[in-house]
Amino acid sequence: MTIESAGQHEGAEVTLRGWLYNLRESGKLLFPIFRDGTGLMQGVVSQKENPAAFEALRGLTQESSVIVSGRVRAEPRAPGGYELAVSEVEVVQRVPENDPYPIQLKEHGVDFLLDRRHLWIRTPRQAAILRIRAEAIRAAREYMDDQGYILTDTPIFTPAACEGTTTLFEVQYIDEQKAYLTQSGQLYLEATAAALGKVYCFGPTFRAEKSKTRRHLTEFWMLEPEAAYAHLEDMMALGEGLVSHMVQSVLKNRARELETLKRDTSKLAGVKPPFPRITYDEAVETLQKRGNPAKWGDDFGGDEETILSSQFDRPVIVHRYPAAIKAFYMQPDPERRELALGFDTLAPEGYGEIIGGGERIADYDLLVRRLRENNLPEEAFQWYLDLRRYGSVPHAGFGLGLERTVAWICGTEHIREVIPFPRMIYRVYP
RNA sequence: UCCCCGGUAGCUCAAUGGUAGAGCAUUCGGCUGUUAACCGAAGGGUUGCAAGUUCGAGUCUUGCCCGGGGAGCCA
């Protein structure tokens with residue numbers, strides 16, 4: 001039996017395989033709390049009624065692994081409403097008394113917990129977050145598949161920068177050659193989109209920037225769709241549909257975990273299409289009205305994003321940024337050439353940009369010009385230019401940052417809690 | 001890279017420049033309905049490192065190390 005399903009086993013004799021989460025001793029009564037990965041369940045053992053089980057559990061150390069059998073019964077005094085009347089106990093491994101489990105049932109510092117991330121993930125809160133992450137991923141892939149997008153995974157080793165702006169992790173690649181860890185699958189997706197029409201990739205992404213904030217990891221997961229013959233409006237709609245489906249699926253299938261996190265789900269319930277859309281021009285105007293020093297041509301930082309997103313109860317889409325502050329491959333707005341047909345989707349409650357994307361340049365000559373303006377090595381981009389030589393079409397896509405999205409859904413203070421083993425500047429252990 | 005904050009027992013934290021403490025954890029004892037159980041007792045310290053000021057430094061000064069938050073950049 002799993003603890004998750006305890007309610008269906010009321011009155012039955014069951015076996016639970018897991019770990020001792022906590023033990024309360026009250027004279028001749030023991031109240032062990034078991035953990036099996038799906039939840040927590042209190043047990044009860046009386047010395048008088050079951051001396052063997054009592055002796056096996058008495059003094060047992062936190063996180064010792066145990067297999068216990070007993071009868072499930074409804075018990076309002078037990079957390080979760082059900083209790084296991086333990087009859088048999090097998091200790092699989094006893095945590096030594098002279099080297100006790102380091103993570104106690106109390107507050108710990110961030111540094112201590114991150115150094116023991118391999119153990120920290122056993123705590124109910126962390127386990128709930130990881131289960132929500134898994135559901136968010138499942139829902140995201142389900143949505144993309146249902147929309148007819150084909151999963152085409154892109155390489156992790158790349159020969160050169162995708163965007164040329166951010167710092168890459170350089171690795172030795174066989175003999176003398178250097179390679180870089182990908183910072184985006186986008187350029188490759190443009191190729192697979194021309195082959196298959198509607199495509200996406202989902203995998204790890206690496207940024208060697210020395211960002212030290214609660215919104216940054218050096219290794220994070222990104223879902224990137226790309227579609228041939230698609231335009232800016234199509235991608236804004238796809239993005240809001242994707243995010244809404246992820247949020248609604250977690251609300252539906254991981255309600256218990258959101259409860260564990262004490263997440264205020266009223267702030268998520270209304271996350272459904274359409275999302276508000278504002279232009280960059282309007283965004284700057286709004287910021288200035290609120291006394292923010294932003295002026296036209298500036299990119300937005302955390303403060304600006306928070307002001308903009310705080311006006312809405314769901315993510316807000318900001319579109320048509322100045323071309324100068326966007327990536328080299330962004331298609332200019334035919335109505336106003338100084339604008340790029342790009343958009344960002346900003347999560348509420350200060351979680352920042354969760355989606356960035358737009359329409360790509362389809363014209364060969366314009367793309368070459370942009371490569372040169374950005375001092376990018378043309379040789380490395382020949383294959384990419386081929387896509388404009390042979391049957392170029394308008395196309396668009398975006399990238400969704402998984403961890404930022406999950407952090408927002410969970411309401412966690414730090415993005416590092418929503419990935420099993422966070423990789424940050426100055427932290428690659430464990 | 002820059003700005004700000006922090007580092008004292010295994011953990012979380014106290015300690016006017018004047019004998020380094022508490023709670024939790026561990027060990028021992030008590031308790032038949034506990035809820036991070038509770039009650040009693042015990043053991044546990046190179047105060048991040050190195051210099052300096054001082055009769056005296058956890059506390060003041062300088063440098064370094066480690067970590068955190070933020071800026072820039074981004075998802």
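Reminder, nothing fancy here: chain letters follow the sequence lines and each chain counts from 1. Computed from a predicted model, the values in this text were never measured in an experiment.
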Give one of base, sugar-phosphate or nothing for [X], where a contact means two heavy atoms less than 4.0 Å apart.
X        : value
A/Glu97  : sugar-phosphate
A/Pro79  : base
A/Gln104 : base
A/Arg116 : nothing
A/Gln47  : nothing
A/Gly109 : sugar-phosphate
A/Glu219 : nothing
A/Tyr426 : sugar-phosphate
A/Gln62  : nothing
A/Gln42  : base

Round to the nearest Å and state the distance from [X] atom [atom1] to [N] atom [atom2].
X        : N     : atom1 : atom2 : result
A/His216 : B/G69 : NE2   : P     : 12 Å
A/Asp115 : B/G68 : CG    : C1'   : 12 Å
A/Asp111 : B/C11 : CG    : P     : 10 Å
A/Glu209 : B/U1  : CD    : C1'   : 13 Å
A/Arg58  : B/U26 : CZ    : C1'   : 17 Å
A/Leu29  : B/C38 : CG    : P     : 17 Å
A/Ile425 : B/G72 : CD1   : P     : 16 Å
A/Leu400 : B/C74 : CG    : C1'   : 14 Å

Applying a 3.5 Å limit to both distances, which nucleotide forms a Watson-Crick or G-U wobble pair with [N]?
N     : value
B/C64 : B/G48
B/A71 : B/U1
B/C13 : B/G21
B/A41 : B/U27

Can you tell me how far [atom1] in [N] sits from the matching atom in [M], rounded to whole Å?
N     : M     : atom1 : value
B/G69 : B/U12 : P     : 15 Å
B/U53 : B/G40 : C1'   : 47 Å
B/C64 : B/A71 : C1'   : 25 Å
B/U61 : B/G23 : C1'   : 34 Å
B/U8  : B/C4  : P     : 22 Å
B/U54 : B/C60 : C1'   : 10 Å
B/C24 : B/C38 : C1'   : 14 Å
B/U59 : B/G7  : C1'   : 14 Å

Please check the phosphate of [N] (OP1 and OP2 only) for any side-chain N or O of [X] closer than 4.0 Å.
X        : N     : value
A/Arg77  : B/U32 : no
A/Lys212 : B/G69 : no
A/Arg427 : B/G68 : yes

Going through the checks in order, is the side chain to side chain contact (heavy atoms under 4.5 Å, CB included) test met by A/Glu305 and A/Glu353? CA-CA 8 Å; A/Glu305 290 178 352; A/Glu353 184 184 339; 3.9 Å; yes
Could you go through the side chain to side chain contact (heavy atoms under 4.5 Å, CB included) check for A/Met246 and A/Leu242 one step at a time? CA-CA 6 Å; A/Met246 292 170 75; A/Leu242 172 62; 4.1 Å; yes
Does a distance-only test, which skips hydrogens and angles, find a donor-acceptor pair under 3.5 Å between the side chain of A/Ser211 and the base of B/C73? yes
Is any N or O donor-acceptor pair between the side chain of A/Arg24 and the base of B/C31 shorter than 3.5 Å? no
Using heavy-atom distances to pick each residue's nearest nucleotide on RNA chain B, tell me which of A/Pro100 and A/His414 is more 5'. A/Pro100
Nearest nucleotide by nearest heavy atom, which residue falls closer to the 5' end of RNA chain B, A/Asn98 or A/Gly27? A/Asn98
Given B/G72, B/U32, B/C74, the nucleotide with the shortest approach to the side chain of A/Arg215: B/C74
Does the side chain of A/Tyr188 reach to within under 4.5 Å of the side chain of A/Tyr384, using non-hydrogen atoms? no
Min side-chain heavy-atom separation A/Leu238-A/Tyr149 under 4.5 Å: yes
A/Arg117 to A/Trp120 six-membered ring, cation-pi geometry met (6.0 Å, 45°): yes
Looking at A/Glu373 and A/Arg370, is there a salt bridge between them, counting it only when a charged N and a carboxylate O are closer than 4.0 Å? yes
Pair A/Arg77 + A/Glu83, salt bridge at N-O below 4.0 Å: no
Is the ring centre of A/Phe220 under 5.5 Å from the base ring centre of B/A75, and are the two planes under 30° apart, so that they stack? yes
Atom pair CH2/CG of A/Trp221 and A/Leu402 - distance to nearest 0.5 Å: 9.0 Å
